[in-house]
Amino acid sequence: MSELASLTTAWYDTHARDLPWRAPDVGAWPVLVSEFMLQQTPVVRVLPVWREWVARWPAPADLAVEESGEAIRAWGRLGYPRRAMRLHACATALVERHGGEVPRRLDQMLALPGVGDYTARAVLAFAYGQRHPVVDTNVRRVAARTVTGAPDAGAATTPADLALVESLLPAADAAAARASAAFMELGAVLCTARTPRCESCPLRAHCKWRASGAALPEGPSRKPQRYAGTDRQVRGLLLAVLRHAPGPVARPALDVVWADAVQRERALASLLADGLVVPHGERYALPGTPSSSQPV
DNA sequence: CATACGTGGTA
DNA sequence: TTACCAAGTAT
């Protein structure tokens with residue numbers, strides 16, 4: 001089964017995108033930062049923010065001494081700002097538990113805030129060259145199409161997915177880590193969800209899905225992902241106001257972002273519950289924002 | 001196991 | 001223009 005890995009790795013050797021977190025001298029912390037940012041956010045939007053973060057906070061300890069509100073502000077418009085909070089909490093945990101280093105053990109990685117099955121293995125593979133099944137949406141799609149012939153993977157990552165991908169990896173650590181990057185790249189660049197470029201694929205002669213006609217799914221393969229009118233949108237609007245404010249913000253400045261007061265209050269309450277926003281008397285701010293005598 | 005959680009580009 | 005989709009995690 002290593003045929004798929006060797007073909008994909010050979011393709012990767014000549015076609016990989018030149019992404020900065022893949023440079024050989026990049027440490028485990030910048031790799032970890034990239035993985036947090038890449039959770040559900042496209043590469044092109046991550047690039048500028050990642051550069052800013054690793055220049056500003058080159059080690060976990062540099063971020064850990066900041067207020068979490070600084071992380072939220074620097075997160076910009078990457079989306080899912082809870083990731084910024086978790087990355088800040090992760091930096092703190094790295095300082096407290098691991099001397100400011102990124103650990104090399106899977107169980108220690110999985111115990112970190114915001115680090116799940118994918119991120120833990122991705123960092124160990126890409127930063128430390130370890131052999132782990134690195135299973136993201138790209139890899140699951142590539143495996144589903146080539147191996148099982150399905151047009152897409154199931155809704156969630158299963159232990160069977162991990163086992164299947166693990167069985168595809170070369171035995172040696174470094175080769176396995178490179179194959180993991182190669183499978184992801186293949187899914188991101190060629191074996192895409194909507195417009196696969198099978199003509200250019202190094203696996204075209206081995207792909208069960210292509211052999212059966214490579215038919216794309218009829219309707220939506222996943223549940224519809226609404227945004228307009230949801231609490232998520234309202235949270236985003238509220239947080240955008242606070243990100244751009246120099247200090248605590250009074251109610252009227254928040255009220256203007258959404259007409260429905262019930263939904264607005266619910267969104268603000270959830271931001272407070274998440275710790276993304278903290279009260280300053282009658283006003284609100286990102287965590288760690290100094291109180292100002294000049295109401296905004 | 002399903003659901004909540006941002007944002008913007010592309011077809 | 002609507003709708004899909006993008007290197008997931010926590011609950």
Side-chain angles (χ1 to χ4, degrees), chain A residues 12 16-17 19-22 30-50 72 75-87 89-90 109-127 132-142 152-159 161-162 165 177 180-189 191-196 216-243 257 266-267 269-271 273-276:
Chain A
Y12 182 77
R17 289 168 296 176
L19 302 177
W21 44 83
R22 288 177 177 165
V31 170
L32 178 59
V33 172
S34 79
E35 293 300 343
F36 264 84
M37 292 180 172
L38 288 163
Q39 291 168 3
Q40 298 284 281
T41 301
V43 166
V44 288
R45 287 172 50 206
V46 165
L47 282 168
V49 183
W50 180 85
I72 296 167
W75 197 250
R77 306 161 75 93
L78 290 183
Y80 292 149
R82 291 195 294 195
R83 290 181 294 163
M85 281 217 74
R86 290 175 183 153
L87 184 47
C90 185
M109 286 297 302
L110 288 170
L112 295 169
V115 175
D117 287 325
Y118 164 75
T119 301
R121 291 175 175 83
V123 170
L124 293 178
F126 303 149
H132 294 282
V134 180
V135 181
D136 74 332
T137 186
N138 290 308
V139 173
R140 296 199 306 123
R141 186 172 55 247
V142 170
D152 217 333
T157 303
T158 64
D161 292 330
L162 287 186
V165 172
S180 293
F183 282 133
M184 287 182 60
E185 188 77 349
L186 187 71
V189 174
C191 194
T192 59
R194 283 196 283 186
T195 54
L216 289 169
E218 290 288 323
S221 53
R222 300 188 312 198
K223 272 205 157 182
Q225 181 186 30
R226 288 187 310 271
Y227 179 63
T230 63
D231 286 5
R232 295 225 302 280
Q233 182 182 20
V234 183
R235 284 167 55 106
L237 293 170
L238 291 172
L239 208 56
V241 172
L242 299 181
R243 262 202 319 264
V257 305
R266 189 171 64 228
S270 75
L271 288 170
D274 287 348
L276 287 163

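In what follows, chains carry the letters A, B, and so on, assigned in the order in which the sequence lines appear, proteins first and then strands, with residues in each chain numbered from 1. Heavy-atom basis, side chains included; hydrogens, waters and symmetry copies ignored. From a predicted model like this one, the values you see are computed outputs, not experimental measurements.
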Original post:
What is the per-nucleotide protein-contact pattern of nucleotides 5-10 of chain B, from the 5' end, where B denotes a base atom under 4.0 Å from a protein heavy atom, S denotes such proximity for sugar-phosphate atoms only, and - denotes neither?
Top reply: BBBSBB

Rounded distance in Å - [atom1] ([X]) to [atom2] ([N]):
X: A:Leu216; N: C:dC4; atom1: CG; atom2: P; result: 15 Å
X: A:Asp152; N: C:dC5; atom1: CG; atom2: C1'; result: 11 Å
X: A:Arg140; N: C:dA7; atom1: CZ; atom2: P; result: 12 Å
X: A:Arg266; N: B:dA4; atom1: CZ; atom2: C1'; result: 12 Å

Considering every strand and a 4.0 Å limit on heavy-atom distances, what is the contact class for [X]: base, sugar-phosphate, or nothing?
X: A:Trp21; answer: base
X: A:Arg121; answer: nothing
X: A:Val46; answer: nothing
X: A:Ala122; answer: nothing
X: A:Leu87; answer: nothing

Does [X] have any side-chain hydrogen bond (donor to acceptor under 3.5 Å, both in side chains) partners at least two apart in sequence or in another chain, and if so, which?
X: A:Thr158; answer: A:Asp161
X: A:Glu35; answer: A:Tyr118
X: A:Gln233; answer: none
X: A:Thr119; answer: A:Gln39

Original post:
Counting N and O atoms only, with roles assigned by atom type, does the side chain of A:Ser34 sit under 3.5 Å from a partner on the main chain of A:Trp21, one being a donor and the other an acceptor?
Top reply: no

Original post:
Using atom P of each nucleotide, how far apart are C:dA7 and B:dT3 to the nearest Å?
Top reply: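 Their P atoms lie roughly 23 Å apart.
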
Original post:
Using the P atom in both, what is the distance from C:dT11 to B:dG6, to the nearest Å?
Top reply: 14 Å

**OP:** Using the test side chain to side chain contact (heavy atoms under 4.5 Å, CB included), find all partners of A:Arg243 that sit at least two apart in sequence or belong to another chain.
**Re:**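 Applying side chain to side chain contact (heavy atoms under 4.5 Å, CB included) to A:Arg243 gives A:Arg77, A:Ala240, A:Leu286.
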
Original post:
In terms of the nearest nucleotide of DNA chain C, which residue is placed more toward the 5' end: A:Leu110 or A:Arg141?
Top reply: A:Arg141

Subject >> Closest-nucleotide 5' rank along DNA chain C - winner of A:Ser34 and A:Leu112 >> reply: A:Ser34

Original post:
In terms of heavy-atom contacts, does CZ of A:Arg17 have more than 12 from other residues, nucleotides or ligands at under 6.0 Å?
Top reply: yes

Original post:
Distance check: side-chain N/O of A:Thr195 vs OP1/OP2 of B:dA11, anything under 4.0 Å?
Top reply: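 Answer is no, no contact under 4.0 Å.
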
